[in-house]
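Worksheet: one structure, shown below.
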Amino acid sequence: MWGIHNDTIPADELVERGFVAIGWDDMGDLREIGNDQAAMKRAVSERYPHAKPGAIPVWAGLLRRFAFVAAPGDLIIAPNRAKSTVNFGRLVGPYEWAMSGAVQRHRRRVEWLETDVPRSTFPQPALYEIGSAVTMFEVRNNRHLFEAFLAGNTPDDPVIEEGHGDDDAGGADSPVTRAADEEPSAARVEQYTRDLVLRTLLTLEPAQFEQFTADLLRATGYRARVTQYSGDGGVDVVAHRDLLGLEGVIKVQCKRTNTTMGIPEVNQLTGTLSQGETGLFVSLGGYSAQARAVERQRHDLRLLGAEEIVDLTLDHYTDLPPRWRSRIPLRQVFVVDRDAEGY
């Protein structure tokens, strides 16, 4: 079971086209180097002469794992950071070197098994493991938990086991990689905070989530009021910029759920709009491709998903009422940014 990160090619494109990919295109076709760690390290050193010495064995190890160690039938876990979801697949073919002009030409074909699974489905230790700073890594400590999910079972809390190491320098469980993953880096702290915010919002009752949405809109500069909880016709909050609420009316539908919203739910909201009004759909889950297509076609519709809600919560945290800040207790700190250039 392998975890893989890709922030260059959109996750939806990877799912639609059925593959995973990594960078380091200057390496060329890895089959010409072969399944040899020493040869891979020499090639990395030659083709990336300005790389830090410590990065060379790490890059060589993950390139070798991607091309030669990972085998057809192995499971793939690919977090989708843009949606705060996780995609699960199975490798179905050998390493491929994509045609000239492609981005991230090192590729493996994948049969996707489960896509857009909310991160909140899994406990924090499991999210930590698949949030590794390494581009490709073996999932070991929480493997049984993810296998249970794919089998349709509710997984128990993970049992953290000791890794057995890796013969490759800089491998998935090498001392260098483990030490780096255990550091309180900016990326790890940020992801933990975002997960905490999302998990907390998912614990709210539907009526509470409507109140939170109204308060969040107020924190961003809108005036907002919650409609009557029952019989609201799909409109949970009404927002506007002017004092009397006569101009630029925004009708908001709130869904405190981590399930995917589709066209029927979106149409329920758009059906309430009069001329000059705008619809805002707020959901802690994602949206189907068809729903997103409707959003692109309409100038009076905006779909707000989990990541955007978390963004707004963090950006306007100090302007939220105390009742929400006590439910989501945060304070600003400074931590090491290991991704910063030159660090």
Side-chain angles (χ1 to χ4, degrees), residues 5-21 78-89 101-104 110 112 114-120 194 197-198 201-202 209-210 212-214 216-217 219-222 224 227 232-241 247-316:
H5 296 156
N6 190 314
D7 295 327
T8 301
I9 302 177
D12 289 343
E13 180 180 343
L14 296 175
V15 170
E16 182 180 348
R17 297 176 59 186
F19 71 95
V20 289
N80 182 344
R81 292 176 180 172
K83 291 185 176 179
S84 194
T85 58
V86 183
N87 297 325
F88 293 86
V103 177
Q104 295 198 326
V110 174
W112 293 105
E114 297 283 348
T115 59
D116 286 337
V117 179
R119 286 175 57 86
S120 56
R194 298 181 71 88
V197 172
L198 183 55
L201 295 180
L202 284 167
F209 184 61
E210 293 176 8
F212 173 81
T213 300
L216 183 59
L217 288 171
T220 64
Y222 287 92
T227 64
D232 54 28
V235 177
D236 304 309
V237 176
V238 176
H240 46 84
R241 287 286 191 184
E247 300 176 1
V249 173
I250 301 173
K251 291 182 176 179
V252 187
Q253 187 169 38
C254 306
K255 292 292 185 183
R256 188 237 54 189
T257 177
N258 57 15
T259 58
T260 301
M261 296 291 106
I263 289 181
E265 293 84 1
V266 172
N267 284 345
Q268 183 183 18
L269 173 61
T270 57
T272 69
L273 301 180
S274 300
Q275 185 175 1
E277 296 180 337
T278 301
L280 175 63
F281 204 117
V282 179
S283 171
L284 294 175
Y287 297 91
S288 68
Q290 294 81 5
R292 286 294 186 185
V294 171
E295 179 189 31
R296 290 192 295 270
Q297 294 167 4
R298 299 188 59 131
H299 69 279
D300 59 350
L301 175 65
R302 180 76 167 85
L303 306 182
L304 210 60
E307 285 296 285
E308 295 158 306
I309 297 169
V310 173
D311 284 340
L312 289 174
T313 301
L314 296 177
D315 290 344
H316 300 277

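Computed over heavy atoms, backbone and side chain alike; hydrogens, waters and symmetry mates excluded.
Note that the CG atom of Leu301 and the CG atom of Leu273 stand 7.5 Å from one another [nearest 0.5 Å]. Here the CD atom belonging to Gln253 is positioned 9.5 Å from the CD atom belonging to Glu210, to the nearest 0.5 angstrom. A distance of 8.0 Å separates CG in Asp300 from OG1 in Thr270, rounded to the nearest 0.5 Å.
Glu308 places a side-chain N or O within donor-acceptor distance of the main-chain N or O of Gly305, the cut-off being under 3.5 Å. Looking at Glu277, its side chain does come within 3.5 Å of a backbone N or O of Ser274 through a donor-acceptor pair. Of the possible donor and acceptor atoms, one in the side chain of Arg292 sits under 3.5 Å from a partner among the backbone N and O of Leu303.
You'll find the side chain of Lys255 stays beyond 4.5 Å of the side chain of Leu284, heavy atoms only. In this structure, Ser84 and Val310 have side chains that are not in contact, with every pair of non-hydrogen atoms separated by 4.5 Å or more. Within the 4.5 Å cutoff, no side-chain heavy atoms of Phe209 are placed close to those of Asp236. Residues Leu217 and Leu280 meet the side-chain proximity criterion, which asks for heavy atoms closer than 4.5 Å. In this structure, Arg194 and Asp311 have side chains that are in contact, with non-hydrogen atoms separated by less than 4.5 Å. Looking at Leu304 and Leu312, their side chains come closer than 4.5 Å, going by heavy atoms from C-beta outward. Counting heavy atoms from C-beta on, the side chains of Arg241 and Tyr222 come closer than 4.5 Å.
Contact between Trp112 and Phe19 at its shortest, heavy atoms only, is CZ2-O, 3.7 Å. For the pair Leu14 and Asn6, the tightest heavy-atom approach, listed with the atom from each and the gap, is CD1-CB, 4.1 Å. When all heavy atoms of His316 and Ala219 are compared, the closest pair comes out as ND1-O, 3.6 Å. Heavy atoms only, all atoms of each residue included: Ala11 and Asn87 are closest at CB-ND2, 4.2 Å. Residues Val103 and Ile9 come closest through the heavy atom pair O-CD1, 3.7 Å. In plain terms, the two heavy atoms of Val86 and Arg119 that are nearest each other are CG2-CG, 4.0 Å.
The residue from Asp116, Thr115, Val117 that alone fulfils the side chain to side chain contact (heavy atoms under 4.5 Å, CB included) condition with Asn80 is Asp116.
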Start with the C-alpha gap between Glu307 and Arg81, add the side-chain angles, then the distance that decides, and say whether salt bridge (Lys or Arg N to Asp or Glu O under 4.0 Å) holds. CA-CA 8 Å; Glu307 285 296 285; Arg81 292 176 180 172; over 6 Å; no
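A cation-pi arrangement is not found for Arg302 relative to Phe281, the charged atom failing to lie both closer than 6.0 Å to the ring centre and inside a 45° cone about the ring normal.
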In residues 258-266, what donor-acceptor pairs under 3.5 Å come from side-chain atoms, sequence neighbours left out?
unit_1 : atom_1 : unit_2 : atom_2 : d
Asn258 : ND2    : Ser120 : OG     : 3.3
Thr259 : OG1    : Thr257 : OG1    : 2.9
Glu265 : OE1    : Gly262 : N      : 2.9

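Taking the salt bridge (charged side-chain N to carboxylate O under 4.0 Å, His left out) definition, one finds that Arg256 meets it with nothing, sequence neighbours left out.
Remark: Glu16 CD is loosely packed, at most 12 non-hydrogen atoms of other residues, nucleotides or ligands lying under 6.0 Å away.
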